[in-house]
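Shown next, in structure tokens, is the structure this report addresses.
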2 protein chains.
Amino acid sequence: MDKHAQAADKAWHSSPRMTDVAKLAGVATSTVSRALANPGRVNEETRRRIAAAAEQLGYIPNTAARNLRVGRSTIVLAALPGPSMIFGASQIIPAVLQGLASTVAEGGFDLIFSNRNSPAAARHVVDLAFGGTVRGVVVLGAADLPAYGSRSLADAGIPVVSLLTDRSAAGIPSVVTNDRAAMREGVLHLIALDHRSFFYIAGESGNYHEVERFSGLLDALAVVGLSDRAVIRHGGHLGFNEGFQNGVEAAHAYLALALARRPTAAVCCADDAAISFIGTVRSNGVAVPEDVSIIGFDGAAVGAFCVPPLTTLEQPAEDLGAQAARIMLDLLGGAAMPAPKTTVPSRLLLRASTATPSGRSER
Amino acid sequence: MDKHAQAADKAWHSSPRMTDVAKLAGVATSTVSRALANPGRVNEETRRRIAAAAEQLGYIPNTAARNLRVGRSTIVLAALPGPSMIFGASQIIPAVLQGLASTVAEGGFDLIFSNRNSPAAARHVVDLAFGGTVRGVVVLGAADLPAYGSRSLADAGIPVVSLLTDRSAAGIPSVVTNDRAAMREGVLHLIALDHRSFFYIAGESGNYHEVERFSGLLDALAVVGLSDRAVIRHGGHLGFNEGFQNGVEAAHAYLALALARRPTAAVCCADDAAISFIGTVRSNGVAVPEDVSIIGFDGAAVGAFCVPPLTTLEQPAEDLGAQAARIMLDLLGGAAMPAPKTTVPSRLLLRASTATPSGRSER
DNA sequence: CTGTTAGCGCGTTCAC
DNA sequence: GTGAACGCGCTAACAG
């Protein structure tokens with residue numbers, strides 16, 4: 001490649017500006033601007049000339065200049081809790097993000113990610129909002145809104161949507177699954193199978209999902225007049241990211257119970273715990289579901305291939321993300337405040353890990 | 001709240017500009033600009049005044065204006081293949097992204113995501129690059145670089161790093177795991193256990209990982225002088241996203257083999273397939289690892305809790321992402337072209353699904 | 001319908 | 001060491 005070709009090559013690479021398009025089409029830049037934004041408000045003939053010129057030059061508008069001029073960007077921020085793009089086998093977060101990303105993209109927006117586990121990270125989230133980098137924020141999980149000093153995300157003057165956690169009480173539109181009602185339904189299923197004693201494997205104490213799901217369990221017991229004493233509760237010290245370990249520890253606790261005192265059903269706050277619980281008790285001679293039935297929560301794909309296949313409450317993960325995105329898009333489009341709380345229901349997935357209790361008393 | 005208070009409230013919310021800080025500190029905007037960027041090139045006393053003013057006002061620089069002025073943004077794009085933030089139980093992609101996101105954030109950059117499954121999506125990726133929205137692109141998996149018309153990402157004049165797929169031949173710095181060597185090591189382990197016949201469960205035919213891993217298997221056979229006829233290859237029509245189904249189908253194919261013809265070891269292109277393969281053959285009376293040993297690929301966390309626990313080749317997913325991010329940061333920092341290919345090795349995780357063949361001949 | 005003009009908020013000359 | 005002036009690329013007024 002000779003020098004001349006190189007120069008031409010370089011010119012090819014450097015992005016042409018609107019001025020270049022205007023010059024080539026023989027019009028003013030403002031006309032080019034309109035032709036691209038309001039194709040209706042410009043003569044068809046000149047519009048074609050401009051389109052042709054833009055096409056020929058490979059013109060692509062400069063984002064920064066446009067954003068500066070119009071005073072807003074086209075980026076939505078997903079503020080994640082901890083470094084938790086990884087989240088057990090359940091993959092709730094990745095699936096939710098996928099739904100969020102797809103729908104946001106359909107709306108013509110881009111999605112940027114940020115963790116907020118460290119103070120610095122939380123501060124960064126706030127800066128992105130106040131600095132005009134992002135146009136709206138979807139907050140996933142966790143308890144407190146990103147903030148630092150006296151500045152909170154809530155004061156940034158941009159739309160905020162809460163995903164997975166219900167913050168409607170704080171005036172933030174929220175998209176959640178029906179953790180409580182779903183768990184209630186799942187346990188009622190166990191009760192219908194004749195289970196009357198339960199082993200509950202808790203998530204992190206105080207965690208939103210943990211609280212909701214345990215409440216759902218109690219709700220179900222109340223329905224049939226069973227007292228809270230029908231359930232032995234284990235765990236609470238491990239987070240959802242440590243679900244597997246949680247299940248193993250719970251299994252040891254279960255195995256430590258005298259045979260007669262062992263509940264006939266184990267209810268898990270998450271599939272990860274259910275899976276490792278099953279693996280551990282089975283290798284210690286406990287039959288599933290004969291000796292103990294197990295029900296998980298999340299609907300992890302791998303559950304269908306466990307031995308035995310796991311009965312679980314499937315979260316509509318992608319839908320959750322898509323719904324949140326839709327609400328955000330409406331808000332960005334100037335819609336009025338949406339429903340404070342959108343619930344996308346989980347559904348009970350019956351598989352072989354639950355059955356009528358049978359084994360133990362006959363052995 | 002009366003009208004006046006509301007106005008004050010609004011003023012509180014609207015982001016202060018650099019002018020406001022300058023006014024409050026009694027200096028010119030240019031001085032404020034320097035004080036924030038080159039703290040050294042300004043009088044300590046005035047610098048403090050400016051810092052105080054900025055702090056008091058909660059000043060946060062406007063990103064768009066800054067980007068426009070300096071001609072570059074601070075956003076890195078992760079271009080994902082398909083809608084594959086979800087990727088089986090292995091969660092390779094989410095884990096890789098987590099590593100990428102963390103390290104990119106440490107470098108002071110933000111991460112934006114984009115799929116490129118549809119032509120429109122691919123075009124959008126190119127526009128983001130040419131429009132100056134993003135400063136560099138990390139391309140994950142898949143074969144072709146995003147492009148449309150005559151414009152390709154490669155011509156955008158910004159750094160491109162390939163992650164998971166080796167594109168070093170195309171001059172793009174790549175970060176990959178040693179798929180081939182890892183698989184070779186895994187199979188040599190099986191050979192050391194006395195296995196001489198293999199059942200290979202393939203990923204999608206032509207897929208980079210599939211090709212590399214199968215080659216690794218053949219490499220191992222060659223080491224001990226076994227011919228390719230020692231392996232029965234199954235699959236190839238299902239993608240990595242359909243790993244579970246792939247394993248089930250493979251299991252049926254395996255079960256359809258006459259007992260005497262069944263290989264003593266199954267080598268899987270991914271953990272998902274291994275897990276569902278195990279589940280399916282076991283419920284059909286095949287003992288693992290007595291009748292057949294199984295080895296997977298990826299190191300999915302759930303593998304440790306399968307029955308039996310899965311021997312696998314663990315991919316250093318987060319490291320892969322972190323390495324790619326580091327290279328991108330170097331490139332953005334003006335470093336010279338880095339090593340064309342960075343390999344982050346997988347490691348063999350020995351668990352109970354592999355053992356010396358024993359069961360069948362004695363039954 | 002189209003051209004002219006005037007900034008958006010910031011960083012970077014260039015004088016003082 | 002600091003201030004004044006200019007312009008990044010684009011859109012939104014306002015004329016014509």
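Letters go in sequence order (proteins before strands), and every chain restarts at 1. These numbers come from a predicted model, not from an experiment.
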#### Entry: Residues A:R326 and A:D330 bridged, charged N to O under 4.0 Å
no

### Task
Answer yes or no: is there an ion pair linking A:R151 with A:D155, defined by an N-O contact shorter than 4.0 Å?
no

#### Entry: Atom pair distance, as rounded to whole Å: CG in A:L36 and P in D:dG9
17 Å

### Query
Separation of B:R69 atom CZ from D:dG7 atom P, in whole Å?
10 Å

### Query
Any luck finding a side-chain donor-acceptor pair between B:Q98 and B:S102 under 3.5 Å?
yes

### Task
Ignoring backbone atoms, establish whether A:Y59 has a side-chain N or O less than 4.0 Å from OP1 or OP2 of D:dG9.
no

### Summary
Closest to the side chain of B:S30, out of D:dG3, D:dC10, D:dT11, is D:dG3

### Spacing between A:M18 atom CE and D:dA12 atom P, to the nearest angstrom
10 Å

#### Entry: Any donor-acceptor N/O pair, B:T29 side chain to B:A22 backbone, under 3.5 Å
no

### Task
Would you confirm whether B:N43, through its side chain, and B:E45, through its main-chain N or O, come within 3.5 Å as a donor-acceptor pair?
yes

### Message
Checking the side chain of B:R167 only, and the main-chain atoms of B:S162 only, is there a donor and an acceptor separated by less than 3.5 Å?
### Response
no

### Message
Please check: side-chain N/O of B:R135 versus main-chain N/O of B:V76, any donor-acceptor pairing under 3.5 Å?
### Response
no

### Query
So, does A:T103 use its side chain to make a donor-acceptor pair with the main chain of A:G99 at under 3.5 Å?
yes

### Query
Side-chain N or O of A:R17 less than 4.0 angstrom from OP1 or OP2 on D:dC8?
no

### Message
What is the separation between atom CD1 on B:I50 and atom C1' on D:dG3, rounded to the nearest whole Å?
### Response
12 Å

### Message
Under a 3.5 Å distance rule, please check whether B:S114 uses its side chain to pair with a backbone N or O of B:H124 as donor and acceptor.
### Response
no

### Message
Please check this pair: side chain of A:N67 against backbone of A:A64, looking for a donor-acceptor N/O pair closer than 3.5 Å.
### Response
no

### Interface limits on DNA chain C, where chain B has a heavy atom under 4.0 Å of a nucleotide atom
C:dG9 to C:dT12

### Summary
Whichever of B:L68 and B:R34 has the more 5' nearest nucleotide on DNA chain C, that residue is B:L68

### Task
Output the residues of residues 37-47 of chain B in contact with DNA chain D, where contact means a heavy atom of the residue under 4.0 Å from an atom of the strand; sort by number or write none.
B:V42, B:N43, B:T46

### Message
Please check this pair: side chain of A:D166 against backbone of A:S168, looking for a donor-acceptor N/O pair closer than 3.5 Å.
### Response
yes

### Task
Would you work out how much the helix from C:dC1-D:dG16 to C:dC16-D:dG1 bends between its ends, with each end axis defined by five base pairs, to 10 degrees?
40°

